[in-house]
Amino acid sequence: MPLRVYNTQSGKKEEFQPLVPGKVGMYVCGVTVYDYCHIGHARANIVFDIVYRYLQYSNYDVTYVRNYTDVDDKIIARANERGISSQELAEEFIQAFDEDMAALGLRKPTHEPKATAYMEQIIALVEQLIDKDMAYESAGDVYYSVDKFPSYLKLSKRNMEEMLAGARIAPGELKRNPMDFALWKSAKPGEPSWESPWGAGRPGWHIECSAMSSALLGTSFDIHGGGRDLIFPHHENEIAQSEAASGKPFVKYWLHNGFVNVDQEKMSKSLGNFFTIRDILKSYDPEVVRFFNLTAHYRSPIDFSDQNLEEARIGLSRFYEALAQLDKALAKADTNAESGAVAAALAEPVERLVQLEERFRSAMDDDFNTALAIANMFDAVRAINRILAEASHLNGQLQAILAKGRDDLLKVGDVLGLFGSNPAAWLARSAQEGLSESGLSAADIDALIVERRQARANRDFARADQIRDELAAKGVLLLDGPEGTNWKMK
RNA sequence: GGCUCCGUCGCCAAGUGGUAAGGCAGAGGUCUGCAAAAUCUCCAUCACCAGUUCGAAUCUGGUCGGAGCCUCCA
């Protein structure tokens, strides 16, 4: 089945056919680097990380471009507040962004251009638009003339008259049409600026992306992504600029991710429900955050809450539990075991396991349906657990099936950026989370486990249960197994 | 007001014409000294109304409820 993607432009799922067979050019709007990134940025970047990974997994040669907007009103304002240069501020938050993305386990894009490094291309593009009479200079500013671009608003499906009703021109802006937007802004005193044919100034936001994408991907490319909120005006304006300049279609597929809400409300600084990536990683494992993001479709809104994150943690640990059990069983299995037929009772789980990768692919081919993909992966987990629980011994055949199933699960997990840790190590880490709040140390617990083992050996179950209850009251759960007793935090 | 979109089990969440995936929680069985984990079984007719259709959660119209965008924003 071919890959199908939902295109915001058409409002439909379309079969994905890149402009050049086997190659994909993809541009995603990055961040304006004036503050730490929040969990909404995390979602957008995780979503397109998955798109990137899945296209690579599907054997496309992908060129992925994600920019840094490092010149902007907000950067200037924040830099002035702190008494440092815009450039210093931008560099600080570029580094912070890189750290956050690395912590979340994102694959590095092919190119991460900074807008300020493309000033020449930006100016050339603005000149080109003026030459084509699509833009005009006005007192040192340059504006794009939306009336000259007949298909303006085709992406956001808005109506020009309606838009005009609510539009107004800010004081000092000399626009012909209130909807015209700035390609170049003349410099005010103390602002960073670049020389241009229209005097010293700096680029408008939209033109930066048009210039960087065409420089690195060409004037037409396959995928452009970003958050829903960027559809208008940012992406609409990119289309107007790029298509007017090149005379060619700009982007084939527009992909937009849904928003993150917090406890059912829009996240905003004023509501006080605003979380940066760094905040959240203090309480949650990065892989849990990623897993949580993938349990819903990328276009749907997701609700960030402790309960939902906790559910994600439990769900992810189910995978790691199964992988750890599987590793243990395979390590113990007799490598010289005879080959033989699989018992009829195990035919179904074996079949499920064998089909994992195919089912994963068919879910992902349907507009990157990670929620369905994960459901299919849970089926594989149940299959593994069931084989381990029901097979009296692992013959050569079953060992091969389980080993292959393990490899497949890790392989599809890697496409989603999951299961990168050693299962036993991940579980051990997860087990100890919250230990410090219990007031106990691992050594305390081990000592009690030893005492309890003795009690159990003496069939003093009252004392054994008392120890377990005491620990349970402090959030420590004892797990008796054939090889002794383990523990984990609730 | 305009434009997008949503309303599926207690909670999260797929499915968009062929008779409801998955996870969490819950009930019961197996295992266990007892538990936990694992496993097995059970647990929804898809906000409401009216249509189209052999057949609708899925299409059409309407009603109610909710969200986002229309200004910087992932």
Hey, does A/L372 reach any base, or is it just sugar-phosphate, or nothing, if we go heavy atoms under 4.0 Å? base

What is the base-pairing partner of B/G22, counting Watson-Crick and G-U wobble geometry with both distances under 3.5 Å? B/C12

I'd like the C1' distance from B/U63 over to B/A74, given in whole Å. 35 Å

Is there a stack between A/F259 and B/G68, judged by ring centres under 5.5 Å and planes under 30°? no

Spacing of A/Q466 atom CD relative to B/C34 atom C1', expressed in whole Å: 15 Å

Span that lies between the C1' atom of B/U58 and that of B/U45, in whole angstrom: 13 Å

Would you confirm whether the ring centroid of A/F93 sits within less than 6.0 angstrom of the ring centroid of A/Y34? no

Any strand: nucleotide that pairs with B/C34 via Watson-Crick or wobble, under 3.5 Å: none

Is there a side-chain polar atom (N or O) of A/T295 under 4.0 Å from OP1 or OP2 of B/C24? no

If you take the centroid of each ring, where Trp contributes its six-membered ring, are A/Y253 and A/H224 closer together than 6.0 Å? no

Would one find a side-chain N or O of A/N257 under 4.0 angstrom from OP1 or OP2 of B/A74? no

Closest nucleotide of RNA chain B for A/V381 versus for A/C29: which of these residues is on the 5' side? A/V381

Quick check, does A/F378 stack with B/G22? I mean ring centres under 5.5 Å and planes off by under 30°. no

For A/F259, ring-ring contact (aromatic ring centres under 6.0 Å, His included) partners two or more places apart: none

Would you kindly give the CD-to-P distance between A/E321 and B/A37, to the nearest whole Å? 9 Å

A/R386 side-chain N/O to B/C40 phosphate OP1/OP2 under 4.0 Å: yes

One pair to check against side chain to side chain donor-acceptor pair (under 3.5 Å): A/Q355 and A/E351. What are the steps and the verdict? CA-CA 6 Å; A/Q355 290 170 338; A/E351 179 73 6; 3.2 Å; yes

B/G55 - base-pair partner by Watson-Crick or wobble geometry, distances under 3.5 Å: none

From CZ of A/R359 across to C1' of B/A14 the rounded distance in Å is 13 Å

Rounding to a whole Å, what distance do you find between A/F304:CZ and B/A74:C1'? 14 Å

If pairing means Watson-Crick or G-U wobble with both distances under 3.5 Å, then the partner of B/U39 is B/G29

Of the candidates B/A74, B/U39, B/A36, the side chain of A/L479 sits closest to B/A36

How would you label the contact of A/E310 with the nucleic acid (heavy atoms, under 4.0 Å): base, sugar-phosphate, or nothing? nothing

With both distances under 3.5 Å as the test, what is the Watson-Crick or G-U wobble partner of B/C64? B/G7

Can you identify which nucleotide, out of B/A38, B/C24, B/C70, has its nearest atom closest to the A/N385 side chain? B/A38

Under 3.5 Å on both distances, the Watson-Crick or G-U partner of B/C69: B/G2

A/D49: which of A/R107, A/K108, A/R290 passes salt bridge (charged side-chain N to carboxylate O under 4.0 Å, His left out): A/R290

Quick one: the side chain of A/R318 and the base of B/G23, do they pair up donor-acceptor inside 3.5 Å? no

Considering only the C1' atoms, how many Å lie between B/U53 and B/C40, rounded to the nearest integer? 41 Å

First encountered from the 5' end of RNA chain B, between A/A464 and A/G315: A/G315

Under 4.0 Å between a side-chain N or O of A/N376 and OP1 or OP2 of B/A21? no

NA contact type, A/V47, heavy-atom cut-off 4.0 Å: base, sugar-phosphate, or nothing? nothing

How about A/N45 and A/H41: do any of their side-chain heavy atoms sit closer than 4.5 Å? yes

Scan A/I39 against the nucleic acid and name what it touches under 4.0 Å (heavy atoms): base, sugar-phosphate only, or nothing. nothing

Give A/T8 one of three labels, base, sugar-phosphate or nothing, depending on what nucleic acid heavy atoms sit under 4.0 Å from its own. nothing

Counting just side-chain N and O atoms, does A/K266 come under 4.0 Å of either OP1 or OP2 of B/C69? yes

Is it the case that A/R299 places NZ or CZ above or below the six-membered ring of A/Y6, under 6.0 angstrom from the centre and within 45 degrees of the axis? yes

